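Scroll down for the structure; my scribbles are underneath it.
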Amino acid sequence: AATYGPRDQPTVDVNLLGVQADRYPAVGFWRGDFADQPIQRLLAPLRTPEAPPLDLGNADQLEVDLGVEDLRVDGPVFLFAEVRGPTDKVSQVRLGRLTRSAEIRPLRAGLDPARIGPGPYRLQRLSVVRGLGLISPVTTRLVLDTVRAHRPGGWTKVDGFDDPKRWYSSNFGDYTPEDSLTVVAGDDGKALQVDISAPGTAYALGLAHASMPRFLPAVVTPELLRQTSARLGQVIPMRGSIGGLIDILPVAVTRVLPGTRGGSPAAMVDLDELLFIASRDTTNQVAANQVWTTGDAAGAAALRRLSQRHVGVASPVSAAERAAVLGHQAPSLALLLLLVGAAAGAVLATVGVMLHLYLTGRRRAFELAVLEAFGADHRSLWGPVLVEQGALVGYGVLCGGAIGLLVALVALPAVPQFVDNPEVPPPIYTPDWPSLAAALGLALLLVMGGLAVVVAALVRRARPALLREEEL
């Protein structure tokens, strides 16, 4: 989570939540009344790229063929490639120094698995970087002809590199004129021509691939749209409270987002894309307030990826520790008392029926023995007893359960579920009806089982021999 605000409204604070959009529906807290559509459909636009990734495969080297038709700068500048591995680890690979030359020539660099991790890899950015300590305007025209990846079988051309629709400039309104991308003829078919004229204050020069978003898709609250006077599909420029620029693109609206105060401006974005966009600006400082992971190797790997991106995690807390804390709070106590009361009611009903049958058992056994002596079959003997005792038990359980639920509905609003009682959305105090129905059904089965055992014992005693015992 991070705090940002619209650039033209410095007094507005926006909670920006980063989640794994593909996993959050399975592990995150969500209620059906938060939005008018399911959470899966709500988060789908957060992970829908504009273009497929520029796949390098399991390459061990990367080559970019380019010409530098114009270069005006007061010092050395270099071309870097940003390469991303399957574990989301990102590495800046230095391809070489740029020198003015109309001739297309290759710039080549190795891909070290020790730095990036094992492949497959994908290319997601080409950057023009000034030399250390150099602050100078940069004017250049680059002709990017071909990108090749070296695999065990040899060099292969990376398809889709020369399509300008799959690239966008790293200039996000920091300077004018905007960088231009056009298609020209190269030595190996089409080539991509990039014209850059950036002042010394510009920090990001080059190209970014459209497989990573230019603007950050976000699920936003109505309060954010209201305070920024924006609408769906309209980019909202944001500035961090400690510096850094991020532009979000609202794609869906939800009434409230977990982890934020009700009615406050907030936005939920994909965590990987948030970190990618935040890394464009060196003034962005990313910190994780809360990171929820599974307790297995996948969760440990997620924490390692955050550390590799220089995201500080202050105090990990396990789910067992959190569950122990929640188990001592008021809602857990209320549910425990509710379950204990239901179980106690079922036990008392069963014990009451057994006690009743025991106290009246000899008289009922004598009555059943008389009926059997007059030729009544066992079905006729079982039927009345089961109907009588079943009605007694059913009446007790149903009335007791109804009274218990009524008492719970009256008492639950007084049980604090949150430290700060939210107004939007209001807490839901209605019971979990399916769970309660299942518990009631189980209690009835247990009671009816005990009733069947007692009735069976009573019928077994009801034999004509019992009449002779009475005469004696």
Side-chain angles (χ1 to χ4, degrees), residues 7 54 62-84 90-109 123-147 158 161-187 190-215 237 239 243-247 276-284:
R7 295 177 199 170
L54 204 59
L62 175 65
E63 179 184 274
V64 177
D65 296 343
L66 84 161
V68 184
E69 296 185 354
D70 185 20
L71 180 62
R72 284 170 283 170
V73 62
D74 298 333
V77 289
F78 304 89
L79 183 67
F80 278 76
E82 184 176 274
V83 179
R84 183 174 183 175
V90 177
S91 177
Q92 301 291 337
V93 179
R94 176 172 163 174
L95 293 168
R97 180 174 177 176
L98 298 180
T99 57
R100 184 169 182 175
S101 172
E103 180 183 358
I104 301 293
R105 65 186 184 91
L107 295 181
R108 187 177 297 175
L123 177 64
Q124 56 186 28
R125 189 183 298 173
L126 290 172
S127 302
V128 176
V129 180
R130 303 178 183 89
L132 185 64
L134 177 63
I135 301 176
S136 168
V138 176
T139 301
T140 184
R141 170 174 287 181
L142 306 178
V143 179
L144 302 167
D145 187 34
T146 308
V147 171
V158 178
F161 168 76
D162 52 7
D163 185 357
K165 296 180 180 179
R166 298 189 177 186
W167 294 92
Y168 56 86
S169 171
S170 297
N171 174 22
F172 292 92
D174 299 319
Y175 56 88
T176 56
E178 293 283 343
D179 301 340
S180 65
L181 282 71
T182 55
V183 176
V184 298
D187 293 350
K190 293 189 300 181
L192 192 63
Q193 178 178 295
V194 184
D195 291 289
I196 299 175
S197 182
T201 55
Y203 59 87
L205 310 178
L207 301 175
H209 196 256
S211 58
M212 298 302 291
R214 181 174 185 177
F215 306 113
R239 179 181 296 277
L245 305 176
I246 286 180
D247 296 335
F276 171 79
I277 290 183
S279 65
R280 297 188 306 218
D281 188 349
T282 56
T283 61
N284 275 317

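All values reported here derive from a predicted model rather than from experimental measurement.
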Any idea which heavy atoms bring [X] and [Y] closest together, and the distance?
{"X": "Phe78", "Y": "Arg94", "answer": "CE2-NH2, 2.8 Å"}
{"X": "Ser170", "Y": "Ala208", "answer": "OG-N, 4.1 Å"}
{"X": "Leu95", "Y": "Ala109", "answer": "CD2-CB, 3.8 Å"}
{"X": "Ala191", "Y": "Val143", "answer": "CB-CG1, 3.8 Å"}
{"X": "His209", "Y": "Arg166", "answer": "CD2-O, 3.1 Å"}
{"X": "Asp247", "Y": "Pro237", "answer": "OD1-CA, 3.1 Å"}

Show your reasoning for whether side chain to side chain contact (heavy atoms under 4.5 Å, CB included) applies to Leu71 and Val77. CA-CA 9 Å; Leu71 180 62; Val77 289; 4.0 Å; yes
Just jot down the side-chain contact (heavy atoms from CB on, under 4.5 Å) partners of Lys190, sequence neighbours excluded, or say none.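 Once residues adjacent in sequence are excluded, the partners of Lys190 under the side-chain contact (heavy atoms from CB on, under 4.5 Å) criterion are Asp162, Val183.
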Can you list everything that forms a side-chain contact (heavy atoms from CB on, under 4.5 Å) with Ala202? Sequence neighbours excluded, please.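 Per chain and number, Ala202 pairs via side-chain contact (heavy atoms from CB on, under 4.5 Å) with Arg130, Tyr175, Ala198, Pro199, Leu205.
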Passing candidate, side-chain contact (heavy atoms from CB on, under 4.5 Å) with Leu107, options Asp65, Leu62, Leu98: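 Looking at Asp65, Leu62, Leu98, the match for Leu107 under the side-chain contact (heavy atoms from CB on, under 4.5 Å) is Leu98.
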Can you tell if the side chain of Phe161 reaches within under 4.5 Å of the side chain of Thr146, non-hydrogen atoms only?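 They are not in contact (no side-chain heavy atoms under 4.5 Å apart), so the answer is no.
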Find out whether Val90 and Gln124 are in side-chain contact, i.e. whether some heavy atom of one side chain is under 4.5 Å from a heavy atom of the other.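 Answer yes - side chains close enough.
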Does a donor on one side chain and an acceptor on the other come within less than 3.5 Å for Thr99 and Arg105?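 There is such a pair (donor and acceptor under 3.5 Å, judged by atom type) between the side chains of Thr99 and Arg105.
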Residues that Ser91 engages under side-chain hydrogen bond (donor to acceptor under 3.5 Å, both in side chains), provided they are two or more places apart: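 By the side-chain hydrogen bond (donor to acceptor under 3.5 Å, both in side chains) rule, Ser91 matches Arg115.
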Please round to the nearest 0.5 Å and tell me the distance separating atom [atom1] of [X] and atom [atom2] of [Y].
{"X": "Gln193", "Y": "Leu144", "atom1": "CD", "atom2": "CG", "result": "9.5 Å"}
{"X": "Arg125", "Y": "Arg84", "atom1": "CZ", "atom2": "CZ", "result": "10.5 Å"}
{"X": "Trp167", "Y": "Leu181", "atom1": "CH2", "atom2": "CG", "result": "9.5 Å"}
{"X": "Leu66", "Y": "Asp145", "atom1": "CG", "atom2": "CG", "result": "9.0 Å"}
{"X": "Leu54", "Y": "Leu126", "atom1": "CG", "atom2": "CG", "result": "8.5 Å"}

Quick one: list whatever passes ring pair (Phe, Tyr, Trp, His ring centres under 6.0 Å) with Phe80, sequence neighbours left out.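 Here no residue qualifies.
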Output side-chain donor-acceptor pairs under 3.5 Å for residues 135-142, partner residues at least two apart or in another chain, one line each.
{"unit_1": "Ser136", "atom_1": "OG", "unit_2": "Asp74", "atom_2": "N", "d": "3.1"}
{"unit_1": "Thr140", "atom_1": "OG1", "unit_2": "Asp70", "atom_2": "O", "d": "2.7"}
{"unit_1": "Arg141", "atom_1": "NE", "unit_2": "Asp195", "atom_2": "OD1", "d": "2.5"}
{"unit_1": "Arg141", "atom_1": "NH2", "unit_2": "Asp195", "atom_2": "OD1", "d": "3.3"}

What residue pairs, at least two apart or across chains, pass salt bridge (charged side-chain N to carboxylate O under 4.0 Å, His left out) with a residue in residues 202-213?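 Not a single pair qualifies under salt bridge (charged side-chain N to carboxylate O under 4.0 Å, His left out).
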